[in-house]
Amino acid sequence: MKIICLVKYVPNVEDIKYDYEENVLIRDNVKLILNPDDAAAVAFALKLKDSRPDLELEVLTMGPKSVRPFVEDLLRRDVDQATIISDTAFAGSDTYATAKILAAYLKDKEYDCILTGSKSLDGDTSHIPAQVGEILNLNQMSNLMSIEQDSFTKDRAVFEVESGDKRLKYEILFPAVLSLRKESGYELPYIKYENMSLDVSDKLDIISNKELGLAEDSIGLKGSLTRVANTYNKNFKEKDKTVVKNDDQGIDFVYSFLERKGFV
Amino acid sequence: MFNMEKTLIYLDPENIKNSIELLEVAEQIHAESDFESYGVIINDSAARQELNHFDYIIKVQNEELKNYDPLAVTDIMEEIENKYNFDSIIIPATHFGRMLAPRLAMRLHVGLVADVTEIKKDGDELELVRPAFSGRIMAGIVTEARKPIMLSVRQNVFSYDSPLEKNVKIIDFKPVDYQKGNIKLLESRKNEISYDIRESEILVSGGGGTLKNFEEIKLLADNLNAEVSASRKIIDNGKASRNIQVGQSGKTVSPDLYIALGISGAIEHVAGLKNIENIISVNVNKNAPICSLSDIVVEGDAMEFVKKLSAKIKKNKKQKN
């Protein structure tokens, strides 16, 4: 059985703070991390691999070459093989162009299942899993909260997704694309001490458009159908607040406010 | 006769009400011209009454077809598009909508803007605004001049308010063919929360400051005939179901009154507050970000406030009786 995990490295949005007075984002000291939903996908695959010695696990990512040390750390966690798609010609690609690039790599590969995250912290569009699925003519499901490990085979999987206020349990036949949520709780294992500085370069491929051979006008900014024209900071309307203490007087003040407004 | 513009709205059975509200989005996109509105509904028996703001309803009723199968539904949507050639296709950003929209956009070779929260239209220039970086910033996106314009729209952000009832024409659409996606629904169950915080008039909301005894904030909610919601911190710590999460990664809410207990007001959270007239926040730190959005800031412990205010309301109720 072979699983390919599609992952992305993103700026850790949690580090981005907002200055409400100036209405600007503070982006200092923002680190790159493995997108949390994608980490859950790799974590599930590694967990499955523990009980399935025949499982072959590849990680695929697209981004600058600077993600290499992060990808190497996945290889040190027992991922069998990793591929980084990296080319300055891909810079500026929107989701439409990005899906085409990823699919160009995947179309000649053999696999039973593609596992990935439901959404990324930075763009948060959730387009890539569905669009890669569309190009490869594979079905795709998002928002996976759990996968039944025992019934996961070369042919099928049974899993639960969150949909509005419902939990839905599905069975899907492979090949297919399944997108997990970090709330599924699958967590990456630590790197074993003896593997901390293991040389994994023989398991890592870095490929560019030379190998993929996509037409120049189908990638990067030229191949994109959407572009960011403007960014806006959120302007929050400040109110004339009244600050009170949590004492009888304060509670009375709150109560009369509620009474005046008809809430009590 | 000139060619009237046409819009198609995907009516998701998961949230029919909000899907219909997307007519407001259509009106803003086609602001300069008359347009015809089409709604498409697959294997659902929504009442005609609800749908009478549309010019046309395309009904697809087919027992074999699974309306949860993205591959099958994409095929049908493509067939409908090929027949009618819409100027815009608008899809609610529900669980299913967020899988359908990107597939369909790729199939039709058009750009897609996800999770739109605002439409900016200036003459022919159309900019679709959406949150990025988990709601920390808004990005205005423009798409290549291909048709149809495609977007998914964040739920509960737009509301459609028109008294105009139309003589809706029902189109019984029989798809010629579609792929079956080899997926089977085995089980569906409701999450334990029975209310929808997007519909609430009063929300008593707990954050990190109520982590130790979150369930106790219900006391205040009960006394105010309100419902309980929470910030992401509570959800991530497993104290409550995601259904009641307010914020960018949760739901957008617009109650008349929002009481924020021990919520600092990280932008993730504030992004989920829309047009709220009255906000009371209780926080040990009176300079927490949420305080500048509040009418009243109570400086102190959230749980103490819950108990004191609940007692006060109870006492006054008795006196009134």
Side-chain angles (χ1 to χ4, degrees), chain A residues 13 16 18 20 25 94-96 99 121-127 130-131 133-135 139-143 158 161-173 183 225-234 236-239 241-246 250-251 253-255 257 261 263-264, chain B residues 14-15 70-71 94-95 98-99 102-103 106-107 110-114 127 132-134 136-144 181-191 193 202 224 242-243 257 267 270 278 280 286 289 291-301 304-305 308-309 312-313:
Chain A
V13 171
I16 304 178
Y18 199 82
Y20 285 82
L25 286 182
D94 69 352
T95 56
Y96 182 82
L121 278 185
D122 54 350
D124 195 12
T125 66
S126 303
H127 288 177
Q131 297 198 317
E134 170 61 22
I135 299 171
N139 217 344
Q140 182 267 338
M141 267 282 150
S142 290
N143 288 344
V158 175
V161 308
E162 191 174 79
S163 170
D165 59 358
K166 287 192 190 123
R167 277 292 182 108
L168 307 172
K169 189 175 184 173
Y170 289 108
E171 181 188 65
I172 199 163
L173 299 187
E183 291 81 6
L225 300 179
T226 58
R227 75 186 156 80
V228 178
N230 284 299
T231 56
Y232 305 97
N233 291 314
K234 293 193 160 180
F236 292 101
K237 202 171 62 192
E238 279 209 31
K239 287 186 173 176
K241 61 179 175 186
T242 309
V243 180
V244 299
K245 296 269 185 217
N246 205 357
I251 296 292
F253 186 84
V254 171
Y255 188 83
F257 176 85
K261 300 273 185 171
F263 293 115
V264 289
Chain B
E14 182 190 306
N15 195 345
L71 208 56
T94 54
H95 163 64
R98 289 194 77 164
M99 298 189 290
R103 262 204 116 92
M106 181 57 76
R107 179 79 59 90
V110 296
L112 172 67
V113 185
E127 191 179 298
F133 290 106
S134 299
R136 281 164 173 75
I137 201 166
M138 306 304 288
I141 315 279
V142 294
T143 58
E144 280 281 304
N182 287 328
I183 184 161
K184 193 162 78 188
L185 180 64
L186 303 176
E187 195 186 308
S188 163
R189 60 176 204 275
K190 270 242 179 217
N191 275 335
I193 302 289
I202 307 178
L224 280 167
R242 180 164 304 279
N243 285 344
L257 170 66
I267 190 140
V270 174
N278 305 294
I280 298 173
K286 67 174 179 191
C291 298
S292 52
L293 309 176
S294 308
D295 300 278
I296 304 176
V297 175
V298 181
E299 189 184 2
D301 177 69
E304 203 184 310
F305 173 82
K308 281 183 176 169
L309 184 59
K312 173 98 186 171
I313 296 169

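First the proteins, then the strands, lettered A, B, ... as listed; each starts at 1.
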Looking at [X] and [Y], what are the two nearest heavy atoms and their distance?
| X | Y | value |
| --- | --- | --- |
| A:Gly164 | B:Asn243 | O-OD1, 3.6 Å |
| A:Phe263 | B:Leu224 | O-CD2, 4.1 Å |
| B:Asn278 | A:Phe257 | OD1-CZ, 3.6 Å |
| A:Glu134 | B:Arg103 | OE1-NE, 3.0 Å |
| A:Ala99 | B:Met106 | CB-CE, 3.8 Å |

[atom1]-[atom2] distance between [X] and [Y], expressed to the nearest 0.5 angstrom:
| X | Y | atom1 | atom2 | result |
| --- | --- | --- | --- | --- |
| A:Glu162 | B:Arg242 | CD | CZ | 6.0 Å |
| B:Leu185 | A:Ile172 | CG | CD1 | 12.0 Å |
| A:Tyr96 | B:Glu144 | OH | CD | 10.0 Å |
| B:Arg189 | A:Lys169 | CZ | NZ | 8.0 Å |

Pairs of heavy atoms under 4.5 Å with chain A: top-ranked of [options]:
| options | answer |
| --- | --- |
| B:Lys190, B:Lys286, B:Glu304, B:Lys312 | B:Lys312 |
| B:Leu309, B:Asp295, B:Leu71 | B:Asp295 |
| B:Gly300, B:Ala132, B:Ser188 | B:Ser188 |

Does any N or O in the side chain of [X] come within less than 3.5 Å of the main-chain N or O of [Y], such that one atom is a donor and the other an acceptor?
| X | Y | result |
| --- | --- | --- |
| B:Asn182 | A:Leu173 | no |
| A:Gln131 | B:Pro102 | yes |
| A:Asn246 | B:Asp301 | yes |
| B:Arg98 | A:Thr125 | yes |

With only heavy atoms counted, which part of [X] is less than 4.5 Å from chain A, the side chain, the backbone, both or neither?
| X | result |
| --- | --- |
| B:Ile313 | both |
| B:Thr94 | neither |
| B:Glu14 | side chain |
| B:Ile141 | both |

### Summary
With chain B, the option among A:His127, A:Lys166, A:Lys245 that has the most non-hydrogen atom pairs under 4.5 Å is A:His127
### Query
Which one of A:Thr231, A:Val13, A:Val228 has the most heavy-atom pairs closer than 4.5 Å to chain B?
A:Val13
Residue pair [X] / [Y], side-chain heavy-atom distance below 4.5 Å:
| X | Y | answer |
| --- | --- | --- |
| A:Lys261 | B:Leu257 | no |
| A:Thr95 | B:Leu112 | no |
| A:Ile251 | B:Phe305 | yes |

### B:Met99/A:Asn139 under side chain to side chain contact (heavy atoms under 4.5 Å, CB included): CA gap, chis, key distance, verdict
CA-CA 10 Å; B:Met99 298 189 290; A:Asn139 217 344; over 6 Å; no
### Task
Please test A:Leu225 against B:Thr143 for side chain to side chain contact (heavy atoms under 4.5 Å, CB included), starting from the C-alpha separation and ending with a verdict.
CA-CA 6 Å; A:Leu225 300 179; B:Thr143 58; 5.9 Å; no
### Task
List the steps, then state whether side chain to side chain contact (heavy atoms under 4.5 Å, CB included) holds for B:Phe133 with A:Asp124.
CA-CA 7 Å; B:Phe133 290 106; A:Asp124 195 12; over 6 Å; no
